[in-house]
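Values below: every heavy atom of this structure, side chains too, minus hydrogens, waters and symmetry copies. Here is the naming used below: chain letters follow the sequence lines, and residue numbers restart at 1 for every chain.
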Number of protein chains: 2
Amino acid sequence: MPAAAATGTTAGKPGTSAADGVSPGASADTSKGGRRRAGRPSAALLDQAGITSAALELVGRKGYDGLTMAALARQLDVAPSALYNHVRSKREVLLLVEDHLTALVDVSGFAAGPWEDAVRTWAWSYRDVFAQHTPLIPVIAVLPVTDAPQTLAMYETVSAAFLAAGFPEERIVSAIVALESFIFGSAYDVTAPADIFDAGSMAAATPHFTAAVRSLAARGDESPADVAFGLGLEALITGLGALRG
Amino acid sequence: MPAAAATGTTAGKPGTSAADGVSPGASADTSKGGRRRAGRPSAALLDQAGITSAALELVGRKGYDGLTMAALARQLDVAPSALYNHVRSKREVLLLVEDHLTALVDVSGFAAGPWEDAVRTWAWSYRDVFAQHTPLIPVIAVLPVTDAPQTLAMYETVSAAFLAAGFPEERIVSAIVALESFIFGSAYDVTAPADIFDAGSMAAATPHFTAAVRSLAARGDESPADVAFGLGLEALITGLGALRG
DNA sequence: CCACTAAATGAATGCCATTCATTTATTAGA
DNA sequence: TCTAATAAATGAATGGCATTCATTTAGTGG
C-alpha cells in the first residue's frame, strides 16, 4: 500500500459522485440554473466549469503563486473583470477547484470489502490528492459543505459505509473528522523539504533528536512522509475501528 | 537557551548580528554576543524581540489579516522599510511568532510520569496554542527546524522522552510527525464554523450523513472539535504506544 | 574630530483583487 | 422586423500589499 500512494492522485472515479462529466473547454453551459427571462446571449465565453479547468491547468503549470485573477483571465483570453460575472471572488475559484479535486478521491473501497481496507484506500488517495494542493487546505477547513456538492457527496458515501460497518451513528462524524484532520496535516508533510529536520549548527545541543533523525534517514526505500502517514493511519484505523458495535 | 534564539536570522555577514546596547524598543533583548567592530548606534528602535511581541499584540487585536508590515511598523512607531533592517521578509516575522508560540507548548509532562499522560498533555496544549494561530500552520509545515530554535528544543525534549519510554530510535521521528500532523489538522477544526456540516438544501440527498450530523449535535457538553480530537488522539496514543520495545 | 557603520527614512515599484460605468451581443416578444 | 431587456465583456480606475533603494541620521571607536 505504501508505494502505491503516488498513484491516487490521478484516480478519478467515475461512479463516485453526482457530477456529470463536464466539458471543460469554452462552452459547457449545462447547469447554471435559473429561468431565462429576456434575451440572453448564448455564446458566453466563460462559465464556472471553464474557469475551474483553466485554474487547474494554471496551478499545474505555475503553482498556486501563479494562480492570480489576471493570469486566470489571460488563460481564458478574457479581461480579469469578466471573471467576476461568474464568480464572486478568488476564494470562490479556490472553492470550485477544491470541489473538483474531491471528486478525484477514491471512495470505491466503501462499496464492498472490509472497512479497514476501504479506509486505507480512501485515506491514502485523499492525502495524495491534496498533497499537491496544500494551499487549498485552509480553505477546506472552514468550508461549509453546502458550498461544495462533490465534497458533500463524499461525506455521504463515507458516512453510509461507517454506519454499515457498525459504527454508532453519533460517533461517525467525529471519526471522519479525526481521520480528515490527520490526512490534511499529513498532506503538508509530503511537501516538506527533505532537510527539514536538519538541525545544522544546533545539532550538538539536541543529541537525542539528531540521533533519531539520523536513524530515520538510514532506512531507504520509503519516503519519511509515507512512513509517518502509514504509521498514524494504521493506529487510527485500529483505534477508531474499535468503536464499532 | 532562551531568547538568544533570535540572532541567526539577520546573519549573512560574519559578526554582524551583534546589536546589544541600551534600551531597544519595547522589550529589551539582552546581549546577543558577537564582537564589535566600528562605531555603532546604541539606541536602536527595533530588534527581533520587539518585532515579535508587536506582531503578537497586533495579531491578538486585529487577527492575521491585520498583520501587515505597514501596521507592524505603525505599532512600533517606525517606517515600514525600517523593519527590513531586522527581518528579511514578512515570512520571517511569521517565523519569529511561530517559534515564540512553540515555547508555550506544555512539555512538562515528559519530565516524569507515564508516556501516555505526557503525550496527552503535550498534544492538547500544542493544538490549543495553534488553533488560535492557524495561519502559521502552512509556515510551520515547511519550516526547517534550524530556523526555529524553540521548536527544535521542543523536538529534543519529546525525542528524549520517546526514547526513554522505549521507542526504537528509528521510529521516533515518524511517530512525532504523525502526531503533529494530526495536531495541525485538528487545529483547523477548532476554528471551523458551527454550521460547517449543515447540508442545507442538499440534506435530502445525503440522508446518512445528515443523520450522523444530527445525532452528533445531540450530545451537548463537549465541542465537536474536542470530541474528534480526543477520539483520534487516544487512538494514536494506543496505536503508536504499541511500538515501544 | 573623523571615519565607519547600523539603522531609519520616504519615495518609488510592481503586483494583487476587486469595482464600476460603459459597451457589446443576443434573443424574447410585440 | 423592430425593440426592450439583459447577461456578459471591457478597460480604466482604486486601494492595499510587500519589498527595494538611494539617502540621511546618529552613535562610537580610533
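Computed from coordinates, the A:I51 CD1 to D:dA8 P distance equals 10 Å when rounded to whole Å. At whole-Å resolution of the value, OH in A:Y64 and C1' in C:dC15 are 20 Å apart. A straight line from CZ of B:R74 to C1' of C:dT9 spans 17 Å, rounded to a whole angstrom. Between the P atom of C:dT18 and the CD atom of A:E92 lies a distance of 10 Å, rounded to the nearest Å. When the C1' atom of C:dT22 is taken as reference, atom CG of A:N85 falls 13 Å away, rounded to whole Å. When the C1' atom of D:dT10 is taken as reference, atom CG of A:L76 falls 15 Å away, rounded to whole Å. A:L83 has its CG atom 14 Å from the P atom of D:dG11, to the nearest Å. With rounding to whole Å, B:L72 atom CG is found 16 Å from D:dG16 atom C1'.
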Contact list (N/O, under 3.5 angstrom) for nucleotides 18-20 of chain D vs protein:
{"residue": "D:dA18", "atom": "OP1", "partner": "B:M69", "partner atom": "N", "Å": "3.2"}
{"residue": "D:dA18", "atom": "OP1", "partner": "B:K90", "partner atom": "NZ", "Å": "3.2"}
{"residue": "D:dA18", "atom": "OP2", "partner": "B:M69", "partner atom": "N", "Å": "3.0"}
{"residue": "D:dT19", "atom": "OP2", "partner": "B:Y84", "partner atom": "OH", "Å": "2.8"}
{"residue": "D:dT19", "atom": "OP2", "partner": "B:K90", "partner atom": "N", "Å": "2.7"}
{"residue": "D:dT19", "atom": "O5'", "partner": "B:Y84", "partner atom": "OH", "Å": "3.4"}

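Every residue was checked against the salt bridge (Lys or Arg N to Asp or Glu O under 4.0 Å) condition with B:D106, not counting sequence neighbours, and none meets it. Remark: A:H208 engages no residue in a ring-ring contact (aromatic ring centres under 6.0 Å, His included) (not counting sequence neighbours). Scored by the ring-ring contact (aromatic ring centres under 6.0 Å, His included) test, A:Y126 finds A:W122, A:F130, A:F184 as partners (sequence neighbours excluded). Among residues two or more places apart in sequence or in another chain, the ring-ring contact (aromatic ring centres under 6.0 Å, His included) test is passed with B:F229 by B:W124, B:F182. The ring-ring contact (aromatic ring centres under 6.0 Å, His included) test applied to A:F209 returns A:F197, B:Y155, not counting sequence neighbours.
Remark: the backbone N or O of A:A55 is not paired with any side-chain donor or acceptor of A:Q75 at under 3.5 angstrom.
Remark: B:H86 is not in phosphate contact with C:dA6, judged by side-chain N or O atoms under 4.0 Å from OP1 or OP2.
The side chain of A:A79 lies closest to D:dT10, out of D:dT10, C:dA8, C:dT9.
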